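Report on one structure; see the data block that follows.
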Amino acid sequence: MKIFLDTASLKEIREGASLGVVDGVTTNPSLLAKESGDPEEILLEICKTVDGPISAEVVATDAEGMVREGRHWAAVHPNIVVKCPCTVDGLKATKILTADGHRVNMTLIFSPTQALLSAKAGARFVSPFVGRLDDIATPGMDLVRDIVEIFGNYDFDCEVLAASLRHPMHVVEAARMGAHIGTMPMGVLASLLKHPLTDIGLKRFLDDWEKAKKEAGAKAGR
Ligand code: G3P
């Protein structure tokens, strides 16, 4: 499973990129609004930091406006993927943008039918929002499983990008379901590596090593 960072924070993206396991970045208007600075400059800097798909979302709600904004974002850097919301206009814009040769990530996916139509319109990524379904007592991971199963029956050139992943178990489940990509905040990525037994085990190895060195030194009369 590819790992994307779900943030517009350059500090976090640089930190994540230094781990060597980050394949792309997803942003959205809420994430960009949290950062200070020009969104376009931030996106360009993200593209220079991570060599992979970088999602930049349109804010227009009509197809014409989405296409105009999408073409603008796509011109910022070749790594930019245009993110469109899964609405009637988003679907129309996706068809036009993909015919242009731009990659589209269809976002705010909450049903398998939305994912199916997005793939048919040419979207290269669909983003089911797992955590937001969990928030309304609907198992978000079931949606990921359904979309992966449906896409497995056909040959769409469209990857399932599990989004709104809030904790490590979401990542584990998305990988078990066969999601092609999981996008997550930096805190969740950091938590994937953490294990108390690793820390305890390492401390024991180092303590034993120091003890053995001291004993060897004492025996040699040093
Ligand atoms: O990638 C989608 C993500 O930004 C939404 O996450 O936690 O706000 O539901 P969340």
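When a ligand or atom number is given, it counts from 1 through the structure's own listing order. The shown structure was predicted, so the numbers you read here are calculated from the model rather than taken from an experiment. The residues of the chain are indexed from 1 along the displayed sequence.
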Which ligand 1 atoms are under 4.0 Å away from a heavy-atom of Phe129? 2 (C), 5 (C)
Closest to atom 9 (O) of ligand 1 (judged by heavy-atom distance), picking from Pro185, Pro128, Ser164: Ser164
Under a 4.0 angstrom heavy-atom cut-off, which atoms of ligand 1 come close to Arg132? 5 (C), 8 (O), 9 (O), 10 (P)
Checking contacts here: is it the side chain or the backbone of Asn28 that comes within 4.0 Å of ligand 1, counting heavy atoms only? Could be both or neither. side chain
For the residue pair His167 and His170, categorise the inter-ring angle as parallel (less than 30°), tilted (30 to 60°) or perpendicular (more than 60°). parallel
Contacting atoms of ligand 1, where contact means under 4.0 angstrom from a heavy atom of Arg166: 7 (O), 9 (O), 10 (P)
How about Ser55 and Thr26: does a side-chain donor come under 3.5 Å of a side-chain acceptor? no
Got Leu43 and Leu32 here, is their nearest side-chain heavy-atom distance under 4.5 Å? yes
Note: ligand 1 atoms sitting under 4.0 Å from heavy atoms of Ala163 are 1 (O), 2 (C)
Does the N or O separation between Lys83 and ligand 1 drop below 3.5 Å for any pair? no
Spatial distance of atom OH (Tyr154) from atom CG (Leu116) [nearest 0.5 Å]: 7.5 Å
When you compare the side chain of Met66 with that of Thr87, does any pair of heavy atoms fall below 4.5 Å? yes
Check whether any side-chain heavy atom of Val126 sits under 4.5 Å from a side-chain heavy atom of Leu161, and report yes or no. no
Can you tell me the protein heavy atom closest to atom 3 (C) of ligand 1 and the distance? Asp6 OD2, 2.9 Å
